[in-house]
Colleague: 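Sharing a structure, written as C-alpha cells. Questions coming.
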Number of protein chains: 2
Amino acid sequence: MTTLDAAKAYLDAHYEDALEDLKAFCRIESVSTDPAYREGIRAAAGFVADRLTRAGFSRVAQLETGGHPAVYGEIISDPSKPTYLVYGHYDVQPPDPLDKWVTPPFEPSVRDDRLYARGVSDDKGPLLIPILVAEAFMRTGGKLPVNMKVLIEGEEEAGSPNFEATLDRYRDLLACDAVISADGAMWRPDRPSLTVASRGMVDFEIIVKGPSKDLHSGRHGGSAPNPITALVALLASLHGGDGRVTVDGFMDGTAAPDARILAAIEAANFDSASYYAEIGTAKPDPIDNGRELLLRQWLEPTLEFNGISGGYQGEGSKTIIPSTASVKITCRLVAGQKPDHVAEVVKRHLEQRLPPGISLEFHRQGPGSEAFFVNPDLPLLATAEDVLGELLGQKPLRVAMGATVPIGSAIRKILDREAIFFSFSTSDEDYHAPNEFLRLKNFRLGLSAWAQLLERLGR
Amino acid sequence: MTTLDAAKAYLDAHYEDALEDLKAFCRIESVSTDPAYREGIRAAAGFVADRLTRAGFSRVAQLETGGHPAVYGEIISDPSKPTYLVYGHYDVQPPDPLDKWVTPPFEPSVRDDRLYARGVSDDKGPLLIPILVAEAFMRTGGKLPVNMKVLIEGEEEAGSPNFEATLDRYRDLLACDAVISADGAMWRPDRPSLTVASRGMVDFEIIVKGPSKDLHSGRHGGSAPNPITALVALLASLHGGDGRVTVDGFMDGTAAPDARILAAIEAANFDSASYYAEIGTAKPDPIDNGRELLLRQWLEPTLEFNGISGGYQGEGSKTIIPSTASVKITCRLVAGQKPDHVAEVVKRHLEQRLPPGISLEFHRQGPGSEAFFVNPDLPLLATAEDVLGELLGQKPLRVAMGATVPIGSAIRKILDREAIFFSFSTSDEDYHAPNEFLRLKNFRLGLSAWAQLLERLGR
C-alpha cells in the first residue's frame with residue numbers, strides 16, 4: 001500500500017469523525033465583524049489550535065495580530081522538501097436574517113448530503129480538509145510528503161485588516177515556497193474549475209446628518225432638510241443607467257481585461273437565463289447575455305450598497321424627519337485599482353454634491369485589498385489542475401471570481417511568494433446568506449484531492 | 001364667587017392632583033402603530049374612561065371602531081344650551097430611539113417646569129385639560145356652563161383610519177353644535193396663536209424586491225440587481241433641486257394659497273435663522289427667508305421619507321446584495337389634494353421607473369386625510385380668540401400648521417359641523433421625537449383658558 005493509499009484509507013475509515021469535527025467547528029459562533037461574538041471568535045481560534053495539535057502539528061500557537069488572533073501550526077517532515085503554507089479563516093459572516101434559516105445557523109444540520117450551517121462553506125469546511133489530510137498522513141506514515149505550515153486567520157470576513165501586518169511580523173515563521181489557499185470557492189457545481197483571479201475590495205460606511213434630532217415631519221416638512229432625501233440623491237448619483245459607477249477617478253489605473261480570463265469567459269458559454277432563474281430575478285437591462293454577465297462579475301469593478309438605514313423602521317408608521325441616515329458600501333476592484341484611491345474619489349464625489357444643511361461622515365472599515373491574479377506559469381497551479389483533472393475526468397477551467405480573497409496580493413507583497421486557491425466550497429453555497437451549506441460530496445472530494453496534491457508535490 | 005371663579009379656585013387647589021393624573025396617564029405605553037403595545041392601548045382607553053367617570057361624565061363607554069377603541073362621555077347640564085364635542089387622542093408615537101431620551105419615555109419626569117414623557121404634549125396633556133375643567137365645574141357648581149361631549153380616539157398617530165367610520169356609526173351619540181379639538185398645538189412658545197389650517201396626509205410604505213435571497217456582493221456584484229440601488233434611484237426621482245415634488249399629477253386640484261394665511265405669514269415676520277439654529281442644521285438652498293420657509297411649511301405639500309431600511313444594518317460590515325429594501329413615506333397635502341389620488345400618482349411614478357429585475361410593493365397605511373381650514377367667520381373661533389387674548393394680553397395670530405389633524409375635515413364631512421383647535425401644547429415640544437415635553441405653564445394656562453371658554457360659550 002502506498003503512503004497515499006494508506007492516508008486515503010484512513011480518511012475513508014474516519015469520515016464520520018471528520019464530519020463530527022466539522023459540525024463541532026460550525027457550532028462556534030465566530031462572527032468577526034460584530035463585537036457581540038467575541039467569545040465565539042476566542043472559541044474558534046481555540047478549536048483550530050486544538051485540532052492542529054491533535055492532527056500532529058507542532059509549534060501550534062495563536063499569533064497576535066492586533067485584532068482577532070491567527071492560528072499557526074507546522075509539520076516539517078523533511079527540510080529538503082518544499083514547504084507549503086496553507087491559508088484559511090475560522091471567522092464567519094453574521095447569521096442574520098435569522099428568520100430565513102430553515103435550521104438555526106449555528107446548529108449544523110445534514111440534508112440531502114449537504115451540511116447546513118453559517119461558515120460551513122466559507123471557510124470552516126474547506127480549511128478543515130488539509131488539517132484532516134495531514135492527520136491522515138501522520139497517523140498512517142508518521143510524516144507528510146511535503147512540509148506544511150498552516151495559517152488560519154480570524155478576520156477575513158472583516159476584510160483582513162491586520163493580515164499584511166501579521167505576515168510582516170511573522171515573516172520568518174511563515175517562510176515557505178508557495179501558498180495554497182483553502183479559501184476561494186469553485187465556480188460552478190457542474191464544472192470543475194480553479195480560480196486564478198479575484199477582485200479586490202474597499203468598504204466604508206457613510207453617515208449623513210441633518211437636524212440635530214428627529215423632527216415631526218408634519219411640522220417641519222418642507223423647511224427642514226431630510227437626511228434620507230439627501231442620502232438617496234447622493235447614492236443615486238453614483239451609478240449610471242448602464243449600472244456602471246460614474247465617480248470621477250474610479251477607473252484610474254485599470255487596463256484592458258486579462259486575455260486569458262476573456263478566453264475562459266468565451267469557453268464558459270455561460271447561461272445567463274439560468275443564472276437569473278437561480279437568484280430569482282429578471283435580467284437587468286444592461287446585461288444581454290452570459291458573456292456580458294461574466295465580464296461584469298469577474299472583470300469590472302462595482303460599488304454595491306450592502307445596507308441602508310435611517311429613521312423609523314418598526315411596524316406601522318412614525319411621522320418623522322430623522323436626524324441621520326447611513327449606508328454601508330463595498331466596492332469590488334479590478335487590476336490596477338487602489339483601495340485608498342477608490343475610497344477617496346467616492347468620498348470626494350459625495351462631498352462635492354452635499355446639499356446645505358447636511359453633513360457627511362465617511363468611515364473606512366479596513367485597509368481593503370487590491371485585485372489578484374495567480375501567475376499563470378506557476379508549476380503549483382499546473383499540479384493542482386492535474387490533480388483535479390485526474391479526480392474529475394475533465395480538465396478544470398481557469399476562472400476568475402467576483403469575490404475578494406485579499407490574501408493573494410498580501411502574500412505576494414509581503415512574503416514574495418505565489419498563492420493558488422484550492423478550495424472545495426462552491427460559489428452557489430449561500431455563504432453570506434441564510435442557509436449556507438457545503439456539499440458533502442465536495443468535502444469528500446477535497447479530502448482525496450488534498451491528499452493527492454500533497455503526494456504529487458512531494459514527488 | 002362666580003361659577004367660573006369657583007371652578008378656577010378648585011383647579012388651583014387641585015393642581016398637584018392634576019399633575020399626578022397626567023403623570024399616571026403618561027406612564028401608559030399607548031403606542032398605536034405597533035401591535036407590541038396592544039396592552040398599553042387597552043390600559044390608556046381604560047384610564048380615559050375611568051377619568052371621565054370620576055370627573056362626573058355620564059354614558060361613559062369605549063366605542064367599537066374596528067381598530068383601537070374610542071372613549072366617549074358626556075355631561076348634558078341644560079338641553080337648551082349648545083353642546084360642544086371635545087376631541088383628543090390617547091395614543092402616542094413610538095418612543096424610539098430610546099437611547100436619546102434623558103429620562104425613559106414612559107417614566108414622566110419634571111425638569112424646569114416641563115413634564116417630559118412620550119405623549120405628554122401630543123396629546124395626553126392637552127386632552128386631560130378639558131376633563132379636569134369639567135370636573136372642576138361639576139365639583140363646585142354641579143353643572144357645566146354648556147353641554148359637553150368628549151370623544152377621545154386611540155388611532156390618531158396611525159392616521160385615524162377608522163375615525164370617519166366611527167363618526168358615521170355614532171352620528172346620533174355625537175350630535176353637537178360644534179367641535180373643539182384639544183389636539184393641534186400652538187405655533188410658537190413666544191407668540192399666542194390659534195391654528196386655523198392644517199395640512200392633510202397620506203402615508204405608505206414601498207418595498208422593492210430583487211433577488212429571492214440575500215446574495216454575496218462579491219460573487220454577484222455587477223450581475224445581480226441590487227434593490228437598494230433601485231430604491232435610491234427611484235426615491236431620488238421624486239424631488240427636484242428646489243426640494244419640490246416632481247411627480248406628475250401630484251399638485252392636481254390645488255389652487256393659489258389662502259390669502260388670510262399669506263397675510264399671517266407676512267405678519268409673523270418669521271426668523272428663519274433662529275429656526276435653523278433650533279433644529280440644528282444649516283438652511284437648505286431653496287429657502288431664502290422666513291417667509292419662504294413658512295410658505296413651504298404651511299401651504300405647500302411635501303413628500304418626506306420617514307424611514308429607510310435594507311440589507312445589513314448591524315455593527316461592522318456584511319458583504320451582501322440584499323433581497324429587499326423599503327421606505328416609509330408620508331406626504332403632507334394642501335387644500336385640493338386628495339389622499340387617494342396623491343398615493344396613486346406616486347405609485348405610478350415609481351412603477352414607470354422600475355428597472356427590470358426589481359419588483360415593487362406599495363402599501364397604503366390608512367385612508368389619509370385632506371387638508372383642513374377652519375371657517376374664518378365661525379363665532380366659536382372668535383370666542384376662543386377673545387379668551388386667549390384676555391388671558392395673554394395679546395390677540396392671537398391665526399396660523400396654519402404643517403402637521404395634520406385629520407379630524408377637522410372628517411367632522412365637517414360626516415357630522416356637518418365646524419371644528420376649532422384649542423390646544424395647549426406647543427409645536428416645539430418634540431412630540432414625535434425623543435424627550436417630548438409639555439410646558440407646565442401652558443398646562444396651567446390651558447386649565448384657565450378652557451374654564452373661561454366654557455363660561456363664555458354658556459353666556
Side-chain angles (χ1 to χ4, degrees), chain A residues 33-34 93-94 158 203 210-219 221-226 228-229 232-233 235-236 239 279-282 284-285 293 296-297 300 302 304-321 328 330 332 356-357 365 402-404 427 432-433, chain B residues 33-34 93-94 158 203 210-219 221-226 228-229 232-233 235-236 239 279-282 284-285 293 296-297 300 302 304-321 328 330 332 356-357 365 402-404 427 432-433:
Chain A
T33 54
D34 184 340
Q93 282 277 313
D203 62 340
S212 55
K213 58 192 173 189
D214 292 353
L215 300 174
H216 187 296
S217 66
R219 183 189 170 208
S223 51
N226 185 328
I228 299 178
T229 311
V232 299
L235 300 185
H239 293 96
I279 68 168
T281 68
D285 260 347
L293 188 157
R296 295 210 178 212
Q297 210 184 68
E300 293 195 20
T302 65
E304 291 290 352
F305 307 123
N306 307 121
I308 192 165
S309 180
Y312 183 67
Q313 303 180 28
E315 279 292 307
S317 63
K318 188 177 178 206
T319 53
I320 55 165
I321 293 172
K328 291 177 192 281
T330 45
R332 300 290 163 163
Q365 302 277 51
T404 301
S427 63
H432 298 214
Chain B
T33 55
D34 184 341
Q93 283 276 313
D203 62 341
S212 55
K213 57 192 173 189
D214 291 355
L215 300 175
H216 187 296
S217 66
R219 184 189 170 207
S223 51
N226 185 327
I228 300 178
T229 310
V232 299
L235 299 185
H239 293 96
I279 68 168
T281 66
D285 261 347
L293 189 157
R296 293 210 179 213
Q297 210 184 69
E300 293 195 18
T302 65
E304 291 290 352
F305 306 123
N306 307 120
I308 191 165
S309 180
Y312 184 65
Q313 304 181 30
E315 279 291 306
S317 62
K318 187 176 177 206
T319 52
I320 55 164
I321 294 172
K328 291 176 192 282
T330 45
R332 299 290 164 165
Q365 302 275 52
T404 301
S427 63
H432 298 215

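All values derive from a computational prediction rather than experimental measurement. Heavy atoms only: backbone and side chains are in, while hydrogens, waters and symmetry mates are out. Order of the sequence lines fixes the chain letters, A, B, ..., with proteins taken first and strands second; residue numbering starts at 1 for each chain.
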Colleague: Go through the side-chain N and O atoms of B:Thr319 and A:His432 and say whether any donor and acceptor fall under 3.5 Å apart.
Modeller: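 Result is yes, a qualifying pair exists.
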Colleague: Ignoring hydrogens and geometry, is there a side-chain-to-backbone donor-acceptor pair from A:Asn226 to B:Phe305 under 3.5 Å?
Modeller: yes
Colleague: Can you tell me which portion of B:Arg332 sits under 4.5 Å from chain A's heavy atoms? Options are side chain, backbone, both or neither.
Modeller: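 Just its side chain gets close to chain A.
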Colleague: Among A:Gly314, A:Pro94, A:Ala158, who wins on heavy-atom pairs under 4.5 Å with chain B?
Modeller: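 The candidate making the most pairs under 4.5 Å is A:Pro94.
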Colleague: Counting only non-hydrogen atoms closer than 4.5 Å, does B:Thr302 touch chain A with its backbone (N, CA, C, O), its side chain (CB onward), both, or neither?
Modeller: side chain
Colleague: Name the region of B:Glu300, side chain, backbone, both or neither, that has any atom closer than 4.5 Å to a heavy atom of chain A.
Modeller: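 When you check distances to chain A, no heavy atom of B:Glu300 falls under 4.5 Å.
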Colleague: With a 4.5 angstrom heavy-atom cut-off, could you sort out which part of B:Gln93 is near chain A: side chain, backbone, both or neither?
Modeller: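 The side chain, not the backbone.
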Colleague: For B:Ala236 and A:Ala236, which heavy atoms make the closest approach, and how far apart are they?
Modeller: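 Scanning both residues completely, I find the closest heavy atoms to be CB-CB, 3.6 Å.
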Colleague: For chain B, find which of A:Ile279, A:Ile308, A:Asp214 contributes the most heavy-atom pairs closer than 4.5 angstrom.
Modeller: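 Highest number of pairs under 4.5 Å: A:Ile308.
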Colleague: Please report the interatomic distance CG(A:Leu235) to CD1(B:Ile228), rounded to the nearest 0.5 Å.
Modeller: 9.0 Å
Colleague: Going by atom types only, do B:Gln313 and A:Ser309 share a side-chain donor-acceptor pair under 3.5 Å?
Modeller: yes
Colleague: For A:Pro225 versus B:Pro284, what's the shortest heavy-atom pair and its separation?
Modeller: CD-CG, 3.9 Å
Colleague: CZ of B:Arg219 to OG of A:Ser427: how many Å apart, nearest 0.5 Å?
Modeller: 3.5 Å
Colleague: Using heavy-atom distances under 4.5 Å, tell me whether B:Thr404 contacts chain A through its side chain, its backbone, both, or neither.
Modeller: neither
Colleague: Among A:Gly210, A:Gly221, A:Ala224, which has the most heavy-atom pairs under 4.5 Å with chain B?
Modeller: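 Among A:Gly210, A:Gly221, A:Ala224, the one with the most close pairs to chain B is A:Gly221.
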Colleague: Who among A:Thr229, A:Ile321, A:Thr330 has the most heavy-atom pairs with chain B under 4.5 Å?
Modeller: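 Most heavy-atom pairs within the cutoff with chain B belong to A:Thr229.
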Colleague: What is the distance from atom NZ of A:Lys318 to atom CG of B:Asp34, rounded to the nearest 0.5 Å?
Modeller: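 Going from the NZ atom of A:Lys318 to the CG atom of B:Asp34 covers 11.5 Å.
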Colleague: Minimum heavy-atom separation for A:Ser317 and B:Gln365, please, with both atom names.
Modeller: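 Answer, listing the atom of A:Ser317 first, then B:Gln365: CB-NE2, 4.0 Å.
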Colleague: Given a strict heavy-atom distance threshold of 4.5 Å, which part of B:His216 is in contact with chain A: side chain, backbone, both, or neither?
Modeller: both
Colleague: When heavy-atom pairs shorter than 4.5 Å are enumerated against chain B, which of A:Ser223, A:Ala433, A:Gly311, A:Pro211 gives the highest number?
Modeller: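 Most heavy-atom pairs under 4.5 Å with chain B: A:Ser223.
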Colleague: Please flag which part of B:Asp203 lies under 4.5 Å from any non-hydrogen atom of chain A: side chain, backbone, both or neither.
Modeller: side chain
Colleague: Go through the atoms of B:Lys328 and report whether side chain, backbone, both or neither lie under 4.5 Å from a heavy atom of chain A.
Modeller: side chain
Colleague: Strictly distance-based, threshold 3.5 Å: is any side-chain N or O of A:Glu315 a donor or acceptor partner for the main-chain N or O of B:Thr33?
Modeller: no
